[in-house]
Amino acid sequence: MGSRRNGFQKESFILSVDVGTTSIRCHVYDKEARIRGSCSSKVELLYPEVGHVEMDPDALWKGFITVVKGAVQDAGVQMCQMEALGISTQRATFTTWDRRTGVPFHNFISWQDQRAADLVKSWNRSCTMKVIHGMMKVAYFLTRHKRSLAASLIVFSTQHVTFRLVWMLAHYKQVCG
């Protein structure tokens, strides 16, 4: 791993950033996969109401920039030596934004957030889900395929981003505009 500039071989590195629930971590790796530099920053969770768990998008971005710069500095290398960037994030955390301005309509809604709990309960108790569960139990009885049995047990949780997004669409009119 390296690049040629002005006839000289320049060592290159890989940046790895993990944006988690409680922290943002960054490592700089060399070609032998050794960590050459690291930096981390705490993520501040916001609790505007009971059961609501959010993160400020601007604070998250500033934390991201801080750890990247810090890890590169800790490694004693330059940003232009970074050959690749890997990013790992929380799977079910989301925000929505104005596509014209890039400005978020609201804070990130964390995977831990419970604001859509009533919606999830109503779906899990719905006739539609009962019919699906019943049909899949019959399919299992007839075929003995374990996939059918597994499908008969499916339930939704508040960790499914779709339900929290539906809640946002119903409660934040600017998101639909």
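Sequential numbering from 1 along the given sequence is applied to the chain's residues.
The hydrophobic clustering, which links ILVMFWY residues whose side-chain heavy atoms are closer than 4.5 Å, places I87 and L15 together. Linking Ile, Leu, Val, Met, Phe, Trp and Tyr residues whenever their side-chain heavy atoms come within less than 4.5 Å leaves W97 and Y172 in two separate clusters. Clustering ILVMFWY residues whenever any of their side-chain heavy atoms sit less than 4.5 angstrom apart, transitively, puts L85 in the very cluster that holds V28. When hydrophobic clusters are built by joining Ile, Leu, Val, Met, Phe, Trp and Tyr residues whose side-chain heavy atoms come closer than 4.5 Å, directly or via intermediates, W61 is grouped together with I24.
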Show me the side-chain donor-acceptor pairs of residues 159-168 shorter than 3.5 Å, one per line, residues at least two apart or across chains.
unit_1, atom_1, unit_2, atom_2, d
H160, ND1, S157, N, 2.9
H160, ND1, S157, O, 3.2
R164, NE, T158, O, 2.9
R164, NH1, A92, O, 3.0
R164, NH1, I109, O, 3.4
R164, NH1, S110, O, 3.0
R164, NH2, A92, O, 2.8
R164, NH2, Q159, O, 3.2
W167, NE1, R115, O, 3.3

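If you take NZ on K62 and OG on S41, they are separated by 12.0 Å, rounding to the nearest 0.5 Å. Here CG of D74 is found 16.0 Å from NZ of K69. Values are rounded to the nearest 0.5 Å. Here Q90 contributes atom CD and T22 contributes atom OG1; the two are 8.5 Å apart, rounded to the nearest 0.5 Å. Between atom CD of residue Q78 and atom CZ of residue F13 there is a gap of 10.5 Å, rounded to the nearest 0.5 Å. Here the straight-line distance linking atom CD of E54 with atom OG1 of T93 works out to 11.0 Å at 0.5 Å rounding. Taking CD1 of I154 as the reference point, atom NE2 of H133 lies at 6.5 Å (rounded to 0.5 Å).
Hydrophobic cluster membership of V131, counting Ile, Leu, Val, Met, Phe, Trp and Tyr whose side-chain heavy atoms lie under 4.5 Å apart directly or via other members: M135. Cluster note: L149 groups with Y140 through ILVMFWY side-chain heavy atoms spaced under 4.5 Å, whether in direct contact or through intervening members.
Under 4.0 Å is where a charged nitrogen must lie from a carboxylate oxygen, and between R36 and E11 at least one such pair does.
Here the closest non-hydrogen pair linking D30 and E32 is OD1-N, 2.9 Å. Taking both residues in full, the closest heavy atoms of V43 and G20 are given as CG2-O, 3.9 Å, listed atom of the first, atom of the second, then distance. Residue S38 comes nearest to I35 through the heavy atom pair OG-CG2, 3.3 Å, listed as atom of the first residue, atom of the second, then distance.
No donor-acceptor contact under 3.5 angstrom links the side chains of W123 and T128, judged on distance only.
M136 is listed as a side-chain neighbour of S148, based on a closest heavy-atom distance under 4.5 Å. Contact of the V68 side chain with the T66 side chain is not registered, since no non-hydrogen atoms from C-beta on lie closer than 4.5 Å. Between F108 and D56, the closest side-chain pair of non-hydrogen atoms is not below 4.5 Å. Counting heavy atoms from C-beta outward, M55 and T95 have side chains that stay 4.5 Å or more apart.
Between H27 and Y29, the ring-plane angle classifies as perpendicular under the 30° and 60° cut-offs.
At distances below 3.5 Å, at least one donor-acceptor pair connects side-chain atoms of N124 with backbone N or O atoms of F156. The main-chain N or O of G102 is never found under 3.5 Å from a side-chain atom of D98 such that the two would form a donor-acceptor pair.
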